[in-house]
Amino acid sequence: MITRSAAILLALSFCSLVIVGDGQTRANEKSVGIFEGDGDIGEVLHQGAAEYNAATGAYTVSGSGENMWAGSDAFHMVWKKVTGDVSLAADISFLGRSGNEHRKAVLIIRQTLDPDSAYSDVALHGNELVSLQYRDEKGGATREIQTNVSGPKRLRLKRRGDFIYLALGDQQKEMHFSGASIRTSVQGTFYVGLGVCSRNKDAVEKVRFSNVELASNLVPVEKPTLYSSLERISVASTDRRVVYLAPERFEAPNWTHDGTTFLFNRNGHLFRLPVTGGEPALIDTGFADRCNNDHGISPDQTSLAISDQSQEGNKSIVYIVPIAGGTPRRITQRSPSYWHGWSPDGKTLAFVGQRQFNHEDNFDIYTIPVTGGDETRLTTAKGLDDGPEYSPDGKYIYFNSERTGHMQIWRMRADGSEQEQVFADEWNNWFPHISPDGRWMVFLSFEPGVTGHPPNQNVMLRLMSLSEQSMSGKNMSEKKITVLTKLFGGQGTINVPSWSPDSEEVAFVSYALVPEDSTPAK
């Protein structure tokens with residue numbers, strides 16, 4: 001009679017069995033093509049399998065599992081242990097047209113084979129949605145960046161340094177960056193491979209991965225290409241979606257009040273873009289051809305405030321132009337001046353101006369009638385005050401100030417009285433934007449050691465509740481702040497108001513320094 005212990009030892013002579021929490025991993029260490037083994041990750045009712053056809057070079061992987069989401073996964077994976085920079089590409093096709101529309105075939109990079117491991121993958125769903133999915137830490141939440149391409153022929157997941165990049169390909173296998181990238185927490189030795197999740201614990205899905213290319217020890221790239229991605233993020237789910245992508249720098253999306261269009265600046269000009277994507281259209285701003293990233297839309301959506309640097313020694317001046325374009329009308333007589341906010345009644349603009357007082361050049365917050373005239377100084381603190389924006393009821397102006405030693409979020413009455421710090425923490429916090437319903441504030445957080453708001457930084461978009469209960473709490477820790485997303489960005493990401501009119505989404509720009517395709521090191 002074989003004892004239980006002996007049975008386990010016998011099983012381990014053929015495979016590795018690891019029990020992890022409520023789930024389990026059955027890892028078969030027999031090689032499958034270029035991979036070292038395969039196994040079920042997490043709890044599955046039906047054991048998966050993997051086959052390699054040496055004649056065609058294709059892998060057929062079957063997998064069950066409830067999902068790959070939240071804090072734990074259940075799927076079948078074909079894997080190989082690697083270190084350093086790695087690239088995995090494949091053509092992917094589901095075998096059979098039935099099944100859950102959110103069943104997933106993935107190319108995946110995973111820290112461990114534990115069900116709750118940190119990971120990044122490119123997932124092709126049954127409904128042809130393609131997204132970059134990731135879990136930053138063991139047991140953490142799964143997040144997603146959806147691409148604007150449906151059902152591509154070929155997919156590639158690439159790790160370069162601390163970043164993961166998703167590329168998509170056409171029938172000719174030409175690969176293009178998708179606009180989806182993240183900073184990865186997967187380090188050291190990790191697993192790379194193929195995976196299948198049926199998205200139905202009672203079903204098994206079968207997927208063919210062909211033309212599989214796995215490269216490691218990639219040659220360093222000296223001059224990566226800068227890409228800008230205009231994205232939208234859901235406040236409720238934190239799901240991100242790429243709307244528009246270009247291999248150049250553009251910045252600062254506004255969301256029109258009718259919900260149909262984004263406005264952004266690029267190369268000194270302003271453009272409009274449908275929120276569903278497409279090609280941007282130039283907005284005529286006349287002589288103002290050096291527009292910066294401080295621009296916004298009037299409450300009645302008839303006019304556009306711009307900040308342009310084409311006149312008077314290239315110092316920024318605030319103008320008003322018709323929303324459809326036209327000749328700019330000058331508002332601020334003194335410069336430099338940078339627009340940031342429009343009062344809800346449409347009568348007043350809030351802006352940042354650099355003026356000399358007591359032989360010091362201070363950046364302070366001012367207001368001015370939309371018809372022009374005298375400016376009113378609202379802040380007098382030494383150093384930089386920036387990013388003024390009215391609350392939807394017009395009672396407050398929110399702004400960021402470095403008067404305490406590093407950049408924090410403040411607010412004051414619309415006349416400049418009762419200036420108070422909203423919360424305090426170690427991050428450098430910029431550009432508070434208030435949702436149209438007045439419930440939320442989104443803002444940009446730089447790491448503690450960062451000065452100013454430079455480009456190409458690891459930053460966060462964070463969300464704070466503005467309920468009366470939250471705002472009246474004497475203890476700063478009572479004010480609930482959550483991370484909407486982490487990204488590579490900074491200057492240009494969210495300089496201006498960018499809430500959707502229903503207060504459910506925020507538009508922003510992420511950036512990526514994408515290495516060119518390269519071959520493995522010798």
Side-chain angles (χ1 to χ4, degrees), residues 16-27 38-48 63-79 100-126 129-146 157 159 162-164 166 180-205 233-241 458 460-463 465 480-487:
S16 174
L17 178 62
V18 181
I19 306 297
V20 183
D22 295 331
Q24 63 180 11
T25 297
R26 287 183 290 271
D38 73 297
D40 290 318
I41 308 295
E43 289 187 335
V44 297
L45 296 182
H46 305 282
Q47 187 171 352
S64 183
E66 182 71 27
N67 204 354
M68 300 173 66
W69 197 251
S72 186
D73 306 320
F75 71 110
H76 193 82
M77 180 178 176
V78 183
W79 52 264
N100 192 298
E101 67 174 355
H102 291 296
R103 62 195 186 275
K104 301 173 185 178
V106 304
L107 308 180
I108 190 166
I109 289 172
R110 196 173 183 90
Q111 189 71 72
T112 72
L113 300 180
D114 298 345
D116 60 352
S117 171
Y119 78 93
S120 304
D121 73 30
V122 48
L124 174 63
H125 296 67
L129 168 70
V130 178
S131 58
L132 177 63
Q133 299 178 335
Y134 58 99
R135 182 181 296 124
D136 281 332
E137 59 184 2
K138 182 178 177 65
T142 296
R143 295 176 181 253
E144 177 179 58
I145 306 174
Q146 299 176 358
L157 192 67
R159 174 207 169 100
D162 291 332
F163 290 87
I164 299 288
L166 167 56
S181 65
I182 61 161
R183 188 181 185 189
T184 181
S185 61
V186 174
Q187 301 293 333
T189 300
F190 54 91
Y191 294 83
V192 60
L194 319 172
V196 174
C197 174
S198 65
R199 193 59 173 83
N200 180 349
K201 61 183 177 60
D202 298 316
V204 176
E205 288 289 341
I233 185 169
S234 165
V235 171
S237 68
T238 70
D239 288 346
R240 294 163 54 177
R241 183 170 182 84
N458 295 313
M460 298 184 291
L461 288 181
R462 295 201 288 167
L463 186 72
S465 170
K480 183 174 178 58
I481 297 175
T482 58
V483 176
L484 267 183
T485 191
K486 299 176 182 179
L487 66 145

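Residue numbers count from 1 along this sequence.
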Trainee: Please name the pair of heavy atoms, one in Ser120 and one in Ile164, separated by the smallest distance, quoted to 0.1 Å.
Mentor: OG-CG1, 3.8 Å
Trainee: Which residues pass the side chain to side chain donor-acceptor pair (under 3.5 Å) test with Thr485, sequence neighbours left out?
Mentor: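 Thr485 satisfies side chain to side chain donor-acceptor pair (under 3.5 Å) with Arg240 only.
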Trainee: What pair of heavy atoms forms the shortest contact from Val192 to Met77, and how long is it?
Mentor: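 For Val192 versus Met77, the nearest heavy atoms are C-CE, 4.1 Å.
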Trainee: Do you know the tightest heavy-atom contact between Asp116 and Lys138?
Mentor: OD1-NZ, 2.8 Å
Trainee: Just verifying a value: how many Å separate Met460 CE and Thr482 OG1, rounded to the nearest 0.5 Å?
Mentor: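 The distance works out to 10.5 Å.
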Trainee: Report the residues that fulfil ring pair (Phe, Tyr, Trp, His ring centres under 6.0 Å) with Tyr191, sequence neighbours left out, ordered by chain and then residue number.
Mentor: Trp79
Trainee: Which atom pair, heavy atoms only, marks the closest approach of Arg143 to Leu484?
Mentor: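 So the two residues come closest at NH1-O, 2.5 Å.
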Trainee: Starting at NE2 of His125, measure out to NE2 of His102 and round the result to the nearest 0.5 Å.
Mentor: 6.5 Å
Trainee: Just wondering, do Lys486 and Asn458 contact through their side chains at under 4.5 Å, heavy atoms?
Mentor: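 No, every pair of side-chain atoms sits at 4.5 Å or beyond.
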Trainee: Tell me which donor-acceptor pairs under 3.5 Å the side chains of residues 65-73 have, and how far apart each pair is, sequence neighbours excluded?
Mentor:
residue	atom	partner	partner atom	Å
Asn67	OD1	Lys104	NZ	3.1
Asn67	OD1	Arg199	NE	3.4
Asp73	OD1	Trp69	N	3.2
Asp73	OD1	Arg135	NH2	2.8
Asp73	OD2	Arg110	NH1	3.0
Asp73	OD2	Arg110	NH2	2.9
Asp73	OD2	Arg135	NH1	3.1
Asp73	OD2	Arg135	NH2	3.4

Trainee: With side-chain contact (heavy atoms from CB on, under 4.5 Å) as the criterion, how do Val204 and Ser198 come out once you've worked through the C-alpha distance, each side chain's angles and the decisive distance to 0.1 Å?
Mentor: CA-CA 6 Å; Val204 176; Ser198 65; 5.8 Å; no
Trainee: Given side chains that start at C-beta, do those of Arg103 and Asn200 come closer than 4.5 Å, heavy atoms only?
Mentor: no
Trainee: Of Ile108, Leu194, Thr142, Leu107, which meets side-chain contact (heavy atoms from CB on, under 4.5 Å) against Asp121?
Mentor: Ile108
Trainee: Just verifying a value: how many Å separate Ile145 CD1 and Leu132 CG, rounded to the nearest 0.5 Å?
Mentor: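 The distance works out to 5.0 Å.
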Trainee: Mind checking side chain to side chain donor-acceptor pair (under 3.5 Å) for Thr189 and listing every partner two or more places apart, or none if nothing turns up?
Mentor: none
Trainee: Could you tell me if the side chain of Pro115 sits less than 4.5 Å from the side chain of Glu43, heavy atoms only?
Mentor: no
Trainee: Measure the shortest side-chain to side-chain distance between Ile109 and Tyr134 over non-hydrogen atoms and say whether it is less than 4.5 angstrom.
Mentor: no
Trainee: If I take atom CG from residue Leu166 and atom CG from residue Leu157, how far apart are they, to the nearest 0.5 angstrom?
Mentor: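 Those atoms lie 7.0 Å apart.
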Trainee: Using salt bridge (Lys or Arg N to Asp or Glu O under 4.0 Å) as the criterion, list what pairs up with Arg462, not counting sequence neighbours.
Mentor: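 Arg462: salt bridge (Lys or Arg N to Asp or Glu O under 4.0 Å) contacts with Asp425.
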Trainee: Nearest 0.5 angstrom please: Ser64 OG to His76 NE2, how far?
Mentor: 11.5 Å
Trainee: What residues, two or more places apart in sequence or in another chain, satisfy side chain to side chain donor-acceptor pair (under 3.5 Å) together with Arg241?
Mentor: Gln146
Trainee: Heavy atoms only: give me the nearest Gln187-Thr184 pair and the separation to one decimal.
Mentor: NE2-O, 3.6 Å
Trainee: Give me the atom names and distance for the closest heavy-atom approach of Cys197 to Phe75.
Mentor: CB-CB, 3.7 Å
Trainee: Answer yes or no: is there a donor N or O on one side and an acceptor on the other, between the side chain of Ser185 and the main chain of Asp136, under 3.5 Å?
Mentor: yes
